[in-house]
Amino acid sequence: MAMAAESSVKPTPLLKDELDIVIPTIRNLDFLEMWRPFFEPYHLIIVQDGDPSKTIKVPEGFDYELYNRNDINRILGPKASCISFKDSACRCFGYMVSKKKYIFTIDDDCFRWYVDAVLTVPKGTLFPMCGMNLAFNRELIGPAMYFGLMGDGQPIGRYDDMWAGWCMKVICDHMGWGVKTGLPYIWHSKASNPFVNLKKEYSGIYWQEELIPFFQSLRIPKECTTVQQCYLELSEQVKTKLGKVDPYFLKLADAMITWIEAWDELNPSAHSAKLTSGSA
């Protein structure tokens, strides 16, 4: 009897009070049912993309807050221009409004599949970060996790996680922090049209010939001692060096500055603490 009672006690979920799960979506979140044993104990931040008048249904029993485009415009005002529309890059708004130490983000068409294979990405090495299955220390590197300008009104889409990963990696290298990657921990049952996706990704595939050498050669001055300072320096180099590739990068560089301004407005205590201590 005692053994049976003990086995029925569920263990406390890891980081229960320190982790938010961020999910961008345009559809009902029925996929959460198969993730219920893992996600139900945690707080969810749902970022609704597309038509804000559409009602997104969330299964009962989950603790969540949901933001649509109207909410983003209301909270950020003119700075909402830095948040992508009609692209999963909108998920980074969830990073901004979270108040937890850690973030895990996942797409709404992913299924459970676990493998245990990770490695540390060497310093000076880039990697293809995947936004549909990503975890990070928000307090440490959050301001660098901007998923760029993608989707509606932009000449590129679906390169949001790649861009954020390159930016984040060069900043982590500068700050002396580790980054891990590995085999997929999930099964992605792609809900989008691959031909439409290719059209969105075309510019990114073409621009990679310039982007990868840019990030490989990028150096951040030692005077930059916070993530915000590093990111603003990065935006300046994007404008100076990549602005020659396409005018889009001039717009992106400005959006990177706006992102940092919006982040600091919503997270003033963290920003002031970093300025006071002089370290991230």
Side-chain angles (χ1 to χ4, degrees), residues 76 78-79 81-83 89 92-93 95-103 120-129 134-149 159-181 207-208 210-280:
L76 296 184
K79 292 184 175 63
S81 62
C82 72
I83 304 298
C92 62
F93 177 78
Y95 311 160
M96 185 183 285
V97 297
S98 170
K99 301 304 177 188
K100 301 291 180 62
K101 182 175 182 178
Y102 301 104
I103 293 289
T120 299
V121 184
K123 183 176 182 179
T125 301
L126 300 177
F127 76 111
M129 189 177 80
L134 171 68
F136 60 92
N137 185 326
R138 178 184 176 277
E139 291 182 357
L140 200 66
I141 196 64
M145 300 300 286
Y146 176 47
F147 275 46
L149 284 179
Y159 255 74
D160 50 334
D161 46 5
M162 297 286 284
W163 176 263
W166 293 330
C167 293
M168 174 274 297
K169 184 56 167 61
V170 297
I171 292 176
C172 282
D173 285 351
H174 173 77
M175 301 294 287
W177 300 331
V179 176
K180 292 187 179 293
T181 188
W207 288 336
Q208 269 189 185
E210 303 285 346
L211 295 178
I212 292 177
F214 165 76
F215 281 104
Q216 288 176 328
S217 62
L218 192 148
R219 297 294 180 269
I220 299 174
K222 63 180 181 181
E223 291 77 18
C224 295
T225 58
T226 70
V227 173
Q228 281 93 331
Q229 290 171 349
C230 291
Y231 204 74
L232 292 175
E233 169 63 26
L234 181 54
S235 72
E236 185 60 34
Q237 295 196 38
V238 168
K239 178 175 292 187
T240 302
K241 299 177 182 179
L242 294 182
K244 304 171 186 176
V245 176
D246 192 275
Y248 163 75
F249 291 102
L250 299 175
K251 186 177 182 180
L252 176 57
D254 289 339
M256 293 168 71
I257 296 172
T258 302
W259 161 264
I260 292 296
E261 291 173 349
W263 181 282
D264 287 341
E265 283 185 10
L266 293 186
N267 300 275
S269 57
H271 177 54
S272 60
K274 288 175 182 175
L275 289 179
T276 302
S277 65
S279 65

Stepwise, does the side-chain contact (heavy atoms from CB on, under 4.5 Å) test hold for L232 with I260? CA-CA 8 Å; L232 292 175; I260 292 296; 4.1 Å; yes
Mind running side-chain contact (heavy atoms from CB on, under 4.5 Å) on L76 and F93 for me, showing each step along the way? CA-CA 10 Å; L76 296 184; F93 177 78; 4.0 Å; yes
Q216/L126 under side-chain contact (heavy atoms from CB on, under 4.5 Å): CA gap, chis, key distance, verdict: CA-CA 7 Å; Q216 288 176 328; L126 300 177; 3.9 Å; yes
Report the C-alpha distance between W163 and L149 in whole Å, list the side-chain angles of each, state the deciding distance to 0.1 Å, and finish with yes or no for side-chain contact (heavy atoms from CB on, under 4.5 Å). CA-CA 10 Å; W163 176 263; L149 284 179; over 6 Å; no
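Relative ring orientation between W259 and Y146 is described as parallel, the plane-to-plane angle staying below 30° on a 0-90° scale split at 30° and 60°.
In this structure, the side chain of K169 engages the main chain of T125 through a donor-acceptor pair within 3.5 Å. In terms of modelled atom types and a separation under 3.5 Å, the side chain of D173 and the main chain of G124 share a donor-acceptor contact. In terms of modelled atom types and a separation under 3.5 Å, the side chain of Q237 and the main chain of R219 share a donor-acceptor contact. Judged by distance alone, the side chain of T240 and the main-chain N or O of E236 form a donor-acceptor pair under 3.5 Å.
With sequence neighbours left out, F136 forms a ring-ring contact (aromatic ring centres under 6.0 Å, His included) with Y95. In this view, Y248 and W207 satisfy the ring-ring contact (aromatic ring centres under 6.0 Å, His included) rule, not counting sequence neighbours.
Between the side chains of Q229 and E233, no donor-acceptor pair is found at a separation under 3.5 Å.
Closest of all the heavy-atom pairs between V170 and I220 is O-CD1, 4.1 Å. Across every non-hydrogen atom of K99 and L266, the tightest pair is NZ-O, 2.8 Å. Between R138 and S98 the shortest heavy-atom distance is NH2-O, 2.7 Å. Shortest non-hydrogen contact noted between L140 and V227 is O-CG2, 3.2 Å. Considering all non-hydrogen atoms of both residues, A89 and G148 come closest at CB-O, 4.2 Å. Heavy-atom minimum distance, C230 versus C224: SG-CB, 3.8 Å.
Around the NZ atom of K222, the shell of radius 6.0 Å holds no more than 12 heavy atoms that belong to other residues, nucleotides or ligands.
To the nearest 0.5 angstrom, K79 atom NZ is 4.0 Å from E265 atom CD. Note that the CH2 atom of W166 and the CG atom of L218 stand 13.0 Å from one another [nearest 0.5 Å]. Distance check, rounded to the nearest 0.5 Å: CE of M129 to CE of M168 gives 5.0 Å. Rounded to the nearest 0.5 Å, atoms CE (M145) and SG (C167) are 10.0 Å apart. Put simply, CD1 on I103 and CE on M96 are 12.0 Å apart, with the number rounded to the nearest 0.5 Å. The CD atom of E139 lies 13.0 Å from the CD1 atom of I141; values are rounded to the nearest 0.5 Å.
Side chains of Y231 and P143 form no contact here, defined as non-hydrogen atoms less than 4.5 Å apart.
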